[in-house]
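Shown next, in structure tokens, is the structure this report addresses.
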Amino acid sequence: MAEAARTTVGSRWTRLQALAVAAALAVGLAVLPATAPPAQAAPPPGQGEVIVTITADDTGLPVENAWVQVTADDPNGLLFDGYTDASGTVTIHADPGAYRIWASYGGYAESFFPNAFLLADAQVIRVVEGATQSRAMRLMVGGSATITTTFAGAAPEQEVMVSLVRRQADGSFEFVPNIGCSTFTGSCLIEGVPPGDYRAIASIGSWTPGYGQWLPGVWPSRTGTVSIADRQHVDATVTMPAATTVTGSVMLDFASAVPAVDVQVRAVYLDAMPQEEPLVAQLSIAPGANAPFTLPVEPGRAFQLQLESQLTNTGATFDPGKVIITEQWTASGMALVGTAVTVAVGEARSFTLTGHAGARFTGDYTIRGDSGGPLSVDCDTCGIPVVELYRQVGGAWVLVDEHRWGSEDVFGAVQGFWFTGVAPGTYTLGFWADTLCREYWRDSETLTGATSFQVTMAGITGELRADLQPIAGGCTQPTPDPDPGPDPDPDPGPGPGPDPDPGPDPGPGPDPDPGSLPTAERLAGANRYATSVAISQRSFPGTAPVVYLASGTSFPDGLAAGPAAAHEGGPVLLTPQGSVPQVVLDEIARLQPAKVVIVGGTPSVSAAASQQVAGLPGSPTVTRLGGANRYETSRLIAAHAFPTGAPAAFLATGAKFPDALTAGPAAALRDGPVLLVRGNAPTADAETLQTLAALGVGWVGIAGDANSVSAGIASSVDAAVPTVQRFAGGNRFETATLIGGLFPTADTVLVASGLGFADALPGAAAAGAAGAPMVLARNSCMPAPTLAALEGWMPSRVVLLGGIPTLNAAVAGYTRC
């Protein structure tokens, strides 16, 4: 069976494609693939040229298909990602400015120019207009470790996750992104470890009823470290201690119309590392009643007991988001600093905790214009202001709560805000919106210069008032992106080849017929997690049988989650690794799913996050789908979501996100999954072919050209599946529209950034549930293929995913690049 005819560009698309490619090559940041002609003698007008050659530190040979990312030394973030040619070289044309370069390749540690393992150690490259410079960098092998896990007693038949934490320059410890392993057999291998001083932490990989019997083990100790050098291998044994238990009861000292309140009792160790998660007992308590708890703790370690919960809005006397303050146990009751206790093996201890409703206080703000009066300019996209609450902890400000309050188009009028369930302490406030200058109370541009105020159980003394200045009125510094976020890649693998992306925005141009398309809508929150909630609320206004929960800082697992969630009738929500944001927990509670599917292992979404979800009202069943890498995870998701088979599937490279973003809605249209593959492999791996066969797939779509998913993969799949169809455009934007061509008509179209993944991950599930395509745009304009696709569909609704920093007003106005 020959590969089915490649989807090509029709006459209307061909002309626009040529214009887009020509414009992209003339301006912006471009990378020349291996087959391109030699670089110009001089860079394009107004730009400089950097020729980067990457070699392997262990062999000294050039590295072909190394994945290279270029970021600006400013808040603009990622400008380019692509791959080296056969000589290990990539040629970059860029506007004058400061840049950093990051590279990775399977089997090597991630590296920053020139030969650094961490971004903080990277050197800045300064591009000069009209100048060409050559730079060399090396990919280091890094260290490695074989970790063997044992148990203090009989070993449970559960997966053990092992993570490394690295000592930072300031003495603190942080998890090393993407460095870890899992094991059912007792031993696992961690490779590509940047040199440094480490501890290893072993824990049960997912929440089960038996979790808590075995507590995390630390190697070499909680106070010691082991040095791992480049190309050095170490062997280690981590013992997970058995837990003992303490008992107690909790009583809530306030009356409430809420019949029961969900409460967490936590054991927090005094010697815990910053990343160590507390042990938690979940309770449901009627106010005024006593509820018993049992909590596993590690014998001999000093710990404090904490009590925390959150009420939900029931239309009764409590406000939405009212929090019971964290209480640490002391002999005299509530205190901000608790008394440490220890429990020996076999010792019986019991504690009584009392929960207290926290303080409530209010304040107000006014949005002012240039001269202190009401703003006179049009501000349809200002965004509802966000009010942040910061608490002083150990001399530093910590963000503890935030809400959007008021209206985006009320200027000169007083608007109120309030916070509830606040623990006594020292606080200050922050204010921002998409077009409001960020400031802190009172009128400070920096958090360190903010004025503090005291909160007691009775509230506050005095008034909290703020005058906010719109950017349109002239502020000294623009509002930063509330969640710029890195785009770490936990398993980059060998890169498949250059992505012929034309680079940054080549500049806006007039739209030939802007009135023919509908006014664009926007779904956005304060950050990527709140945006995923906004997308869920619009797409699933009622309940949903399932929720898929994926990492908001890493793309691979979420790429495969979209069509699976759409097939099962639920959304994709995003979370950081350590804990689930309250806004996401609230959305899961609102949806009342019977099950929550966590995609990825605990390095992506922690065990503590899983426990948070399991403790929500209704006690949803929590299932974790996490393979040894992104490819296995995508196969696990497919098998889970499509247990009776699927007629179709999409294949996409797992090394980068653009092609797979828009494959998700198309896969959902054909009621099939997205499977990730190592795109530069000579043939499809046996596991992928087995998955396609087990699902009974009869049609496979391939997202991207042969540089993304090789011709050998397509050929081997073609030999096993009746129909294979490749969708390959000149860049990510055109590829997205070609995939969108599977939708002959579209009443609704979703538009996501082609330069980031966060908003498109939940958007894929929403698009799939609505039977709608998703196309890609630049941050400040619509690429010609995207605009042509919209004009071809003429939808009644166009929905932008993400706020102004992601897709600005020019995108909403269909301004062509």
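The structure presented is a predicted model; accordingly, all values stated were derived computationally and were not measured.
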Acceptor/donor pairs from residues 745-765 side chains to any protein atom, 3.5 angstrom cut, sequence neighbours excluded:
unit_1	atom_1	unit_2	atom_2	d
Asp747	OD1	Ser796	OG	2.5
Asp747	OD2	Ser796	OG	3.1
Ser753	OG	Leu755	N	3.0
Ser753	OG	Gly756	N	3.4

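- Of the inter-residue distances, the one linking Arg732 atom CZ with Leu776 atom CG reads 8.0 Å to the nearest 0.5 angstrom.
- In this structure, the separation between CZ on Arg135 and CE on Met137 is 12.0 Å, given to the nearest 0.5 Å.
- Using cut-offs of 30° and 60° for the angle between ring planes, the Trp699 and Phe650 rings count as perpendicular.
- For the side chain to side chain donor-acceptor pair (under 3.5 Å) test, no residue two or more places apart in sequence or in another chain qualifies with Thr633.
- Here the shortest heavy-atom pairing between Tyr105 and Asn65 reads CD1-O, 3.6 Å.
- Thr735 places a side-chain N or O within donor-acceptor distance of the main-chain N or O of Gly729, the cut-off being under 3.5 Å.
- One N or O on the side chain of Thr84 and one on the backbone of Ala66 form a donor-acceptor pair closer than 3.5 Å.
- Listed by chain and number, the residues in a side chain to side chain donor-acceptor pair (under 3.5 Å) with Thr53 are Thr89 (sequence neighbours excluded).
- The shortest non-hydrogen separation linking Pro563 to Ala667 is CB-CB, 4.0 Å.
- Using a 3.5 Å distance cut-off with no hydrogens or angles, the side chains of His93 and Glu49 do pair a donor with an acceptor.
- Side chain of Ser710 to backbone of Ala681: a donor-acceptor contact under 3.5 angstrom is found.
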request  = Check the pair Asp671 / His567 against side-chain contact (heavy atoms from CB on, under 4.5 Å), numbers first and verdict last.
outcome  = CA-CA 7 Å; Asp671 200 25; His567 175 75; 2.5 Å; yes
